[in-house]
Enquirer: 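Please see the structure below; I have some questions.
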Amino acid sequence: MKIKNTILILAYILVFSSCASDDDNTPTQIDREPETVIEQTAIINFTNEESNEIDFGDVVVDIITTQVFNIENTGNSDLNITNIVIPDNYTIDISSTTITPNTNKDFTITFSPTEILDYSNVIQIESNATGGNDTITITGFGVSPIYDGSIVLNTQEEVDHFGKLGYTSITGGLNIGQVTSIASTIVDLEPLNKILEVGFLEVFSTTSLENLNGLEKLNVINSIQMVSNSALKNIDALKSVTKLEGYINFLSNNSLTKIDGLENLIEVKENVRFNNNALLENIDGLSSLKSVGTDFDLLGSPLIENLNGLSSLENVGVELHVSGSLLLENLNGLSNLKSASLLRFSDNVSLYDYCGIKDLLTNDGANLYHNGQRYNRFNPTKSEVVNSTCSELVPLGVYDGNLLMDSNSDIEKFVSKNFHTIRGSFGVNGQAITNLDFLENLETVTSDLNIRNTDLTNLDGLDKLIYVNQLFIQENAMLADYCGLNSFIENGTINNTGDYRYIITDNLYNPTLEELQNGQCTD
């Protein structure tokens, strides 16, 4: 029995040892931290041209205008917009949408005021957003279609924006560009086509504007100015202008070829000035103009061939001045002119026919400006036009009329014409005159030659002079050398035989005619 029990105990020990050995080979259990749960976010990020609000500013009543704004979802889950609540008089193209993470969407909002009111308010965004701002400030004002004051537009963007506002009238000026600013690159005025009336229209210093298209319905009450617009070719759009309380000024528009847009203009209460428009071919656009309140100037337009565009003109309040029209031959276009205080014509090198103003001068409707007719081909006095001849083709090289040299610019112009004969009186005056070299081709002065109050020391330059009617040399404080007259004294003629044919006084040296004839030409 003992043996049997011993065997059982040994067997039990073996089994227990085996189990213990198996337990030692079992892997050790490792404890793990629980996984992190990521929070779902949808975040509204609103942008509108780097602003945090939508600003429509002033919008004319019943005008529709739009803006675009953007909503970005900067969260990590879908942003579900279920509704966008907007104030009265605004509409939006999208009221519900889904924006996925890190994407954005554009929204177009429209403003249409129906009254003159402040429509500023907020937009409410209803969504599942977990962050960001769910309201957007929006401002807008309904205003009158009449813009009170003046507006200056320097860029195309400003023109486009102002046009969208819908104004139909401007009490002050519509200023395109500025005379004091850098040249404007505006190219198109079509956005301004709703404007029907302005007090002033001014276009300054544009470089790309070729026409005024867009202003066809525009009436201008007071004045029009077009200055230094290098690309402007025509003003056809101004046909609605019929009367101006102020003035017209077109200056240095170097591409302007015609002004037909003014064809319905009847009256200008102040000045009309077209100056230095180098390519202006005609002024036919003024064919309806009857009255100018003060001055009419047409200066520095060398391509003008006639004044037919002034055929309806009856009255000029002060002065009519035409200068620098190199192809102008006659004044027939002024035949209906009934009154003007003064008429002045200068530097029209082809002008020889004044018969178009003979009736005007005969009836004392105007006076020719004293000595105002200069450097035309024919430079008659009023008396000559009325009583003798109103037209004469003066030969080349002959200056017709009286002429005075008193500045360097006068000298330069005289030299450029290469005159040899002055058919009239000729004066040299002033301390700017230091020599007479510019007279080296002068042969004849049919009236008086008068040299007075200069800084001359000699008369060199008169070597070719052969004829004068009278000779006056006076008040030249440094003049002591008359030898430049030797050839004239020997071979020339002083036509006048009276006591005042030769007067030399108040110079540094004052020789008598006999002394000069005896060779005493210097002191």
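Throughout, numbering of the chain's residues begins at 1 and tracks the sequence. Computed from a prediction, not measured in an experiment: that's the story for all the values here.
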Enquirer: Residues two or more places apart in sequence or in another chain: which of them pass salt bridge (charged side-chain N to carboxylate O under 4.0 Å, His left out) with Asp236?
Expert: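 Counting only residues at least two positions away or on another chain, Asp236 forms no salt bridge (charged side-chain N to carboxylate O under 4.0 Å, His left out).
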Enquirer: List the atom pairs, with distances to 0.1 Å, where a side-chain N or O of residues 189-199 and a protein N or O form a donor-acceptor pair under 3.5 Å, not counting sequence neighbours.
Expert:
from, atom 1, to, atom 2, distance (Å)
Asn193, ND2, Glu190, O, 3.2

Enquirer: Could you give all pairs that pass the disulfide bond (SG atoms under 2.5 Å apart) test and reach residues 309-355, with sequence neighbours left out?
Expert: Cys355-Cys390
Enquirer: According to salt bridge (charged side-chain N to carboxylate O under 4.0 Å, His left out), who are the partners of Glu202, at least two apart in sequence or on a separate chain?
Expert: none
Enquirer: Test: ring-ring contact (aromatic ring centres under 6.0 Å, His included). Region: residues 216-264. Which pairs qualify, not counting sequence neighbours?
Expert: Phe250-Phe274
Enquirer: My understanding is that only residues two or more places apart in sequence, or in another chain, count here; which of them pass side-chain contact (heavy atoms from CB on, under 4.5 Å) with Val318?
Expert: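 Once residues adjacent in sequence are excluded, the partners of Val318 under the side-chain contact (heavy atoms from CB on, under 4.5 Å) criterion are Thr294, Asp295.
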Enquirer: So, Asn418 and Asn441: side-chain donor and acceptor under 3.5 Å apart, yes or no?
Expert: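 Side-chain D/A pair, Asn418 to Asn441: present.
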Enquirer: If the plane angle is over 60° it's perpendicular, under 30° parallel, otherwise tilted; pick one for Tyr119 and Tyr90.
Expert: perpendicular
Enquirer: Check each of Ile125, Thr137, Ile123, Ile136 against Phe46 using the side-chain contact (heavy atoms from CB on, under 4.5 Å) test, and report the only one that passes.
Expert: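 Among Ile125, Thr137, Ile123, Ile136, the one that satisfies the side-chain contact (heavy atoms from CB on, under 4.5 Å) with Phe46 is Ile136.
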Enquirer: Taking salt bridge (charged side-chain N to carboxylate O under 4.0 Å, His left out) as the definition, give me every residue that meets it alongside Lys382, ordered by chain and number, with sequence neighbours left out.
Expert: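 Expected list: Asp364.
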Enquirer: What residue pairs, at least two apart or across chains, pass ring-ring contact (aromatic ring centres under 6.0 Å, His included) with a residue in residues 182-218?
Expert: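 Found none.
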Enquirer: So, are Arg374 and Asp410 salt-bridged, with charged N and O less than 4.0 Å apart?
Expert: yes
Enquirer: Examine the side chains of Ser339 and Asn315 and answer whether a donor and an acceptor come within less than 3.5 Å of each other.
Expert: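 On atom types as modelled, these side chains qualify, holding a pair under 3.5 Å.
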Enquirer: Listing request: all salt bridge (Lys or Arg N to Asp or Glu O under 4.0 Å) pairs with a residue in residues 62-74, at least two apart in sequence or in separate chains.
Expert: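 For residues 62-74, and leaving out neighbouring residues, there are no salt bridge (Lys or Arg N to Asp or Glu O under 4.0 Å) pairs at all.
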Enquirer: Between Asn249 and Gln225, do the side chains contain an N or O donor and an N or O acceptor separated by less than 3.5 Å?
Expert: yes
Enquirer: Run the salt bridge (charged side-chain N to carboxylate O under 4.0 Å, His left out) test against Asp284 and tell me which residues pass, sequence neighbours left out.
Expert: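 Expected list: none.
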Enquirer: Kindly compute the distance separating CG (Asn121) from OG1 (Thr139), expressed to the nearest 0.5 Å.
Expert: 11.0 Å
Enquirer: Supply the atom-to-atom distance Leu265 CG to Ser240 OG, rounded to the nearest 0.5 angstrom.
Expert: 12.0 Å
Enquirer: Go through the structure and list residues passing side-chain contact (heavy atoms from CB on, under 4.5 Å) with Ser255, not counting sequence neighbours.
Expert: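 Applying side-chain contact (heavy atoms from CB on, under 4.5 Å) to Ser255 gives Lys233.
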Enquirer: With ring centroids as reference points, do Tyr399 and Tyr375 lie under 6.0 angstrom apart?
Expert: yes
Enquirer: Consider only side-chain N and O atoms of Asn277 and Asn253, and report whether a donor and an acceptor are under 3.5 Å apart.
Expert: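 Result is yes, a qualifying pair exists.
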Enquirer: Quick test of your reading: applying side-chain hydrogen bond (donor to acceptor under 3.5 Å, both in side chains), list the pairs with at least one residue in residues 327-337, sequence neighbours left out, ordered by first then second residue.
Expert: Asn330-Asn332
